[in-house]
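I have placed the structure first, in the form of structure tokens, so that the comments after it can refer back to it.
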Amino acid sequence: MSLAQVHHISAAPGDEEAAGRFTAVGPGVSAALLAELEPLIGYALPDGASHRPADAELRSLPQAFTYAVLSDGSRVVGRTAPARGDGTAPVRFHTHAVHLPPGVPLPGDRLPVEAWRSPHWVSATPVGGGALSDPLGLLPPGPAPVREGLDDFAVSRGPWLAAVLADLRRASEEEAPAGGPVVLVERQSADVARWLGLAAVTLPREGVERLTFTTYTRRPGSSALRVVGAPPEDAAAAREAGLRVHVCADRPPVDGTADAWARTAARVWRSRAPELFEEARGLPGDPFAAGPLAVIALCSGVVLGPEERAAAAGWAAERPYALDAKRTGQLVEALTSPGIDDRTGSEFDAVGRLFGALDGRCPASVTAPLAAMLVTEAVRGGNGSLELPRRDAFVGPEGEVIAGVLGPEILTELESGAGGGRPVARTVQLLRVARLLGVNGTEVLPEVVARLARTILTEADGSEGTPAFAPALLELLDEQFDVRTALLGALDRIAPEDPGAVARFLERVALPFTGTQALPHLRMCAEAPGAMTTLGRDRSAVWHRVLRAAGLSPFAEPLVLRTAVGLVWEDRAPTVEEARLLLEAATSDAHRAAGTWARLVDAALGAPADTEDGTALAHDLLRAFPQEIGGRERAALRLLELCRDLRSGAPEPGWTEQVRTLRDRAAPLEPAIQERAFTALTERLLAPDRPGAELYAFVRSDDADLIAAYDRAARAEPTRTRLRTHPAYAADCFTNWTAHPHAGTAWTTTAAALLDEVLRPAVRGMTAEAVAEVEETVGRTGSSGRANAFRDWNRSRALGRLGRRIAGRVRRG
């Protein structure tokens, strides 16, 4: 089939009145297509170019090699080159193009860019209808013409390769990416053509055929093509237009590309191995995934980076059947090369998946290097996320060699004193690798596991949700019975010290302790959350249920008391009722051994002032733990016990001074205990049968706090009622409140106020007979002088009222 050709002459530089024109048009090319084609082949001189160039300058001007798709689906391949004109127009720009109807391929099924170096492009329109050259149909056979020199060019453009290939790949997608063309800035338009040659080799054929382009334009922002070449002077304008610009004629770029496929392709080109692209396209998977190309590259000895190696390992792990034995061996050898020193965690993870896919499918001699690499990284690199090989992966000489190298390192780290700060994941990994390699760690295991148990609780309390180390830990316990037994025992021993932390951990990580080990404390910690959910605020019921879960009596194992109390009350003190329950549930010896007696003391000291059982609890605690309770707590409990005796009416003599002494010894005293003690003391001092010596000692103490409490008790309603209804009691109070005129200021002031504000209103409300009885009782229990004093005190108030009434009448008269 003969393809239509088109020739066009553009306007001369500087001749604004002249217009370009088509000088020859083959059959089938309509005027509408010519109108669409003309803007694509327009030419503008580079900055600084002469309008009358010499022959050498003319030959150095850029040529625009263009491939475009027209609106009707037809395509055009053409070249625009400067040519010598006539006298009035020393330079003309001649376009020679070939039109390809829709669906018609290039002759020989060649790619458009392959015509770049065709020797049959002409720079003048054929004269007289002579035979037309055929730039597409007469191309030299084979790929050599287009690939010639591409390796050297790729190496010279190494810093730009990955970024440019990534953009060319995106530009070749079925839907052209938004944002305008990719702009390749080169000093020579031929270098732009070489970039397109690289793309033609690198990309799949269907993508290359979609890649419309021109190697030279001065207006990249207005181009409808997908890739355009531009001179350096137009780079800034292209950037301002928001285009993707690669200035390959300037300093190398600093930033790389995130496209792993493009980075792999760049390394293949720099290794001068473009034939690998065709091999990679023969492998399954996304053509622009990095994995297939990276696999072929590694198998061919191309050096890749860690992300590309990870992509190769990941791809092969998903498709272990896609590679033959030879390539599988080559890939393993490349991945495990001892010369690689930049491996990353993601690469090791991918290698671990590859090992899992190949293990059992390939001979052990093939997978052994992968297994050795994984365990070496686990020990030396600290990668705790690795999927470790199975134990039988190291049976034989390979296992002995790697165990001989890594075994001492593992034991040294496990024994090191820094283990207290070693993360759980690291210790778990070391223990798993030690078993994997058959390293004997029996001697160091107890100490290692003891440190591990405490670190587990610390890390778990510092994280939310299930700890990250939980899956690996559970695998370790499932694999190694001796470690499981030792670790569960260590946690059981820790539980009485911090049962709350152990319970929170067990709620998030279900440890396997359903075997024959007793583990009473762990069982209690596991039971506590469910008991609290079921029984709610009934802490006594929760305590009983948790204690039953231990399977041991507190008499046989007192420490279960500590664990149960710590689980139910944590850092709170029990109530007095709960404390009495705890005290009755076990002997004092059990509480003493468990250390829970201190919680009972806290309950007594923290009881509200109106809790009557608090004094009885204090009495019992002083009897049960005479050697353990001392210092401030002992004085406070004795003060509570004295309150009990004061209320029962049988205190030891000198109780006023005892209250003051114990209060000072118990400082800082809980406010509720002080309130209870002062109330008990003052109520006893206000009782009719209180000893006079105690009242005397109280008055003479001049203790402002005690006297203030006495004042409050005397003004309380029970005392006021008794004063109004019992003349003998009123007489007794009058005697007491007037008997110590030379006591301290606190007492004399308080007594005077009580006489005037409490006793006088009570006496005023009595009948005459009751007042006479008060007076008679005062005289009988004191003296006639005291009776006279009462009459004067009572009369002075009455006369005072009468005198004020008379004075008022005189003023009104």
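These values consider heavy atoms only, across backbone and side chains, with no hydrogens, waters or symmetry-generated copies. Along the sequence shown, residues are numbered consecutively beginning with 1. In this text, all values refer to a predicted model and were calculated from it rather than measured experimentally.
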Does the Thr215 side chain pair with the main chain of Gln63, one donor and one acceptor, at a distance under 3.5 Å?
yes
Where the side chain of Ser60 meets the backbone of Glu57, is there a donor-acceptor pair that is under 3.5 Å apart?
yes
Give the intermediate values and the outcome of salt bridge (charged side-chain N to carboxylate O under 4.0 Å, His left out) for residues Glu307 and Arg263.
CA-CA 9 Å; Glu307 291 187 39; Arg263 292 199 306 270; 2.9 Å; yes
Short side-chain to backbone donor-acceptor contact, Thr212 and Arg226, under 3.5 Å
yes
Between Val77 and Ala115, what is the shortest heavy-atom contact and its length?
CG1-CB, 4.4 Å
Out of curiosity, Glu318 CD to Leu354 CG, how far, rounded to the nearest 0.5 Å?
11.0 Å
Side chain proximity check, Phe213 to Val113, heavy atoms < 4.5 angstrom
yes
List the residues meeting side-chain hydrogen bond (donor to acceptor under 3.5 Å, both in side chains) with Ser189, not counting sequence neighbours, and say none if there are none.
none
Donor-acceptor pair, side chain of Glu233 and main chain of Asp47, under 3.5 angstrom:
yes
Looking only at atom types and distance, does a side-chain atom of Thr257 sit under 3.5 Å from a main-chain N or O of Asp259, one as donor and one as acceptor?
yes
Of the non-hydrogen atoms in Val201 and Phe277, which two are nearest, and what is the gap between them?
O-CB, 3.7 Å
Those residues at least two apart in sequence (or on a different chain) that pass side-chain contact (heavy atoms from CB on, under 4.5 Å) with Arg270 are Leu161, Ala266, Arg267
Donor-acceptor pair, side chain of Ser300 and main chain of Val302, under 3.5 angstrom
no
Salt bridge or not for Arg157 and Glu186, using N-O below 4.0 Å?
yes
Look at the side chain of Thr66 and the backbone N and O of Thr214, then say whether any donor-acceptor pair between them is shorter than 3.5 Å.
no
Determine, stepwise, if the pair Leu61 / Tyr43 fulfils side chain to side chain contact (heavy atoms under 4.5 Å, CB included).
CA-CA 11 Å; Leu61 290 175; Tyr43 190 98; 4.0 Å; yes
Nearest heavy-atom contact between Leu225 and Ala68 is CD2-CB, 3.7 Å
Could you walk me through whether Glu347 and Thr344 pass side chain to side chain contact (heavy atoms under 4.5 Å, CB included), step by step?
CA-CA 5 Å; Glu347 179 180 355; Thr344 62; 3.7 Å; yes
For Gln330, does the CD atom sit with more than 12 other heavy atoms under 6.0 Å from it, leaving out its own atoms?
yes
State whether Phe288 and Arg169 meet the cation-pi test: NZ (Lys) or CZ (Arg) under 6.0 Å from the six-membered ring centroid, and within 45° of the perpendicular axis.
yes
Does Leu196 form a side chain to side chain contact (heavy atoms under 4.5 Å, CB included) with Trp116? I'd like the steps, not just the answer.
CA-CA 10 Å; Leu196 296 165; Trp116 161 53; over 6 Å; no
Side chain to side chain contact (heavy atoms under 4.5 Å, CB included) with His246: of Asp167, Val183, Leu168, only one passes, and it is Asp167
At their closest point, which heavy atom of Thr336 faces which heavy atom of Met373, and how far apart are they?
CG2-SD, 3.7 Å
State, with a plain yes or no, whether a side-chain heavy atom of Leu136 is found less than 4.5 Å away from one of Ser118.
no
At what distance, to the nearest 0.5 angstrom, does CG of Asp359 lie from OG1 of Thr367?
5.5 Å
Non-hydrogen side-chain atoms of Thr328 and Cys362 separated by less than 4.5 Å:
yes
Step through the shown structure and confirm whether more than 12 heavy atoms of other residues, nucleotides or ligands are within 6.0 Å of CD on Glu174.
no
Do His8 and His94 have side-chain atoms, one donor and one acceptor, less than 3.5 Å apart?
no
CZ on Arg353 to CG on Leu370, rounded to 0.5 Å:
13.0 Å
Leu40 side chain near Leu70 side chain, heavy-atom distance below 4.5 Å
yes
Result block: side-chain N/O donor-acceptor pairs under 3.5 angstrom for residues 96-105, not counting sequence neighbours:
| unit_1 | atom_1 | unit_2 | atom_2 | d |
| --- | --- | --- | --- | --- |
| His96 | ND1 | Val122 | N | 3.2 |
| His96 | NE2 | Gln5 | OE1 | 2.5 |
| His99 | NE2 | Ser74 | OG | 3.0 |

One thing to verify: whether Arg239 and Asp234 come together as a salt bridge, which I'm taking to mean a side-chain N less than 4.0 angstrom from a carboxylate O.
no
Just verifying a value: how many Å separate Arg79 CZ and Ser123 OG, rounded to the nearest 0.5 Å?
4.5 Å
State whether Arg327 and Asp324 are salt-bridged, where the test is any N-O pair (Lys NZ or Arg NE/NH1/NH2 against Asp/Glu carboxylate O) under 4.0 Å.
no
Does the Arg343 side chain pair with the main chain of Leu335, one donor and one acceptor, at a distance under 3.5 Å?
yes
Quick test of your reading of the model: are Glu209 and Arg205 salt-bridged, counting only N-O distances below 4.0 Å?
yes
Side chains of Asp55 and Arg84 in contact at under 4.5 Å (non-hydrogen atoms):
yes
Close side-chain approach of Val182 to Val228, heavy-atom, < 4.5 Å:
no
Ala290 versus Trp261, closest heavy-atom pair with distance:
CB-N, 3.6 Å
Would Leu150 and Arg194 count as a side chain to side chain contact (heavy atoms under 4.5 Å, CB included) here? Give the steps.
CA-CA 7 Å; Leu150 286 186; Arg194 291 184 177 93; 4.0 Å; yes
Using modelled atom types and a 3.5 Å cut-off, is there a donor and acceptor pairing between side-chain atoms of Tyr216 and backbone atoms of Ala44?
yes
Are Phe153 and Trp269 an aromatic pair, judged by ring center distance below 6.0 Å?
no
As an exercise, state the distance from CZ of Arg170 to CG of Leu165, rounded to the nearest 0.5 Å.
11.0 Å
Do side-chain atoms of Arg218 reach the backbone of Leu45 as a donor and acceptor pair under 3.5 angstrom?
yes
Between Pro112 and Phe65, is there a side-chain heavy-atom distance shorter than 4.5 Å?
no
Tightest non-hydrogen contact, residues Pro159 and Pro252, listed as CB-CB, 3.6 Å
Within the structure provided, determine whether Phe355 and Pro369 are in side-chain contact (heavy-atom separation under 4.5 Å).
no
How many angstroms lie between CD in Glu173 and CG in Leu203, if you round to the nearest 0.5 Å?
10.5 Å
